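Worksheet: the structure to be examined is printed underneath.
Predicted model, so just to flag it, every value in this text is computed and none were measured. Note that the numbering runs from 1 along the sequence shown for the chain.
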Amino acid sequence: MIRQKILIVDDKEENLFSLEQILKELDADIIRAQNGNEALAASLNHEFSLALLDVQMPGMDGYELAEWLRSETKTKELPIIFVSAVYSSDYHVFKGYDAGAVDFMVKPFNPKILLSKVTVFLQLDRQKTLLKQSSEARFRKLVETVTDAIIILDSNGIVRFINPAGESLFRTTSEDFLGQPFGFPIEGEEATEIELFFSDDNPVIAEMRIKEIDWEEMPSWLASIRDITGRKKIEEELVQTVSGLKKANKKILEQQESVIEEERLKVLLQLSGATAHELNQPLTVLLGNIEILETFGELKEKEEKVVLDINTSAKRISEIVKKIQNIRYDQVQPNAFD
């Protein structure tokens with residue numbers, strides 16, 4: 001386990017020395033700073049488990065320094081103990097808590113009490129670190145077994161972690177992939193489709209989801225990527241199948257309409273045949289009577305004209321009836337199946 005570090009900040013050398021003598025019993029490195037700027041610089045270069053700050057310092061006082069530390073992502077959860085010989089009133093104690101302190105020690109203090117408090121915070125930090133390491137270990141073990149590609153990126157889009165499924169999907173190794181720009185836009189948490197192109201000209205279509213996480217105490221992005229090439233192919237085949245079914249259904253409907261039309265024509269032909277048959281009998285009688293009239297001798301001019309007109313019309317009707325009777329089904333059948 002990495003050795004823990006304690007930040008002590010005081011503008012007086014003798015106070016720093018005194019704190020170092022008290023804390024040297026602990027299994028921790030002591031990093032000293034004599035003003036706020038030195039403390040902030042030290043926080044950039046070290047991972048601290050605890051900070052002990054003097055309240056009254058020239059320039060940036062302890063309260064302001066605590067607020068700066070709280071505003072930074074790296075140190076926002078750093079436990080802070082204020083140490084002061086001047087500001088011991090309730091007002092300043094509560095002001096220290098408002099600035100983010102977890103405790104306030106008033107000088108002179110019992111070194112054993114301070115040592116006991118520091119020990120507790122170091123133990124809490126150690127447990128927190130162990131829990132975090134355990135969680136990350138479980139996470140790594142878990143993502144090594146999932147079939148989706150899992151890639152973790154820092155805030156600049158640089159790859160910091162890739163699981164075996166990701167190596168397989170991107171056809172790479174972690175050694176080649178880590179530290180490289182991811183290359184795809186990081187947009188929200190909605191699923192987006194991306195295409196991966198390789199030298200074999202067989203692009204891979206994948207679905208990517210992005211989520212903000214903390215990775216190794218830094219704001220990061222987790223990209224979960226699933227190969228959906230097979231699914232997209234099935235979807236395309238389904239679209240083609242549906243299109244084919246629609247065409248077949250349309251053809252069936254057309255054939256049904258054709259069958260209905262055929263049946264309608266058959267009925268019409270049957271009705272027309274029956275009607276022609278019914279007309280034919282009285283028409284035959286009419287034509288016979290006209291022939292009888294013509295045998296009666298000469299008719300008057302008007303009578304002869306009337307008989308002629310009746311005979312002409314009757315013959316015309318007879319021809320129509322014969323045509324109706326001679327109509328065949330195949331002469332009117334629609335070409336429904338062409």
In terms of side-chain geometry, is the basic nitrogen of Lys74 or Glu47 positioned less than 4.0 Å from the acidic oxygen of its partner? yes

NZ/NE/NH1/NH2 to OD/OE distance under 4.0 Å, Arg70 and Glu67: no

Passes side-chain hydrogen bond (donor to acceptor under 3.5 Å, both in side chains), Asn15 versus Ser18? Steps please. CA-CA 5 Å; Asn15 291 339; Ser18 176; over 6 Å; no

If you count heavy atoms of other groups shown closer than 6.0 angstrom to NZ of Lys107, is the number above 12? yes

Pair Glu263 + Lys266, salt bridge at N-O below 4.0 Å: yes

Please work out whether the ring planes of Phe170 and Phe182 are parallel, tilted or perpendicular, with thresholds of 30° and 60°. tilted

Determine, step by step, whether Phe177 and Ile151 satisfy the side-chain contact (heavy atoms from CB on, under 4.5 Å) criterion, reporting the C-alpha distance in whole Å, the side-chain angles of both residues, the deciding distance to 0.1 Å, and the verdict. CA-CA 10 Å; Phe177 209 55; Ile151 298 174; 3.8 Å; yes

Regarding Asp29 and Lys5, does a basic nitrogen lie under 4.0 Å from an acidic carboxylate oxygen? no

Are Asp125 and Arg3 within salt-bridge range, i.e. N to O under 4.0 Å? no

Taking the side chain as every heavy atom from C-beta outward, state whether Ile8 and Glu20 have any pair of such atoms under 4.5 Å apart. yes

Between Glu235 and Arg231, is the closest basic N to carboxylate O distance under 4.0 Å? yes

Taking the side chain as every heavy atom from C-beta outward, state whether Val9 and Met57 have any atom pair closer than 4.5 Å. yes

Please report the C-alpha distance between Arg32 and Glu13 in whole Å, then the side-chain angles of each, then the deciding distance to 0.1 Å, and finally whether the salt bridge (Lys or Arg N to Asp or Glu O under 4.0 Å) criterion is met. CA-CA 10 Å; Arg32 56 159 58 196; Glu13 175 64 28; 2.7 Å; yes

All N/O donor-acceptor pairs, side-chain side in residues 237-244, below 3.5 Å, sequence neighbours left out:
from, atom 1, to, atom 2, distance (Å)
Thr241, OG1, Glu237, O, 2.8

So which residues get pulled into Ile228's cluster when ILVMFWY side chains under 4.5 Å apart are joined, directly or through others? Ile205

Considering all heavy atoms, the nearest Asn163-Asp148 contact: ND2-O, 3.0 Å

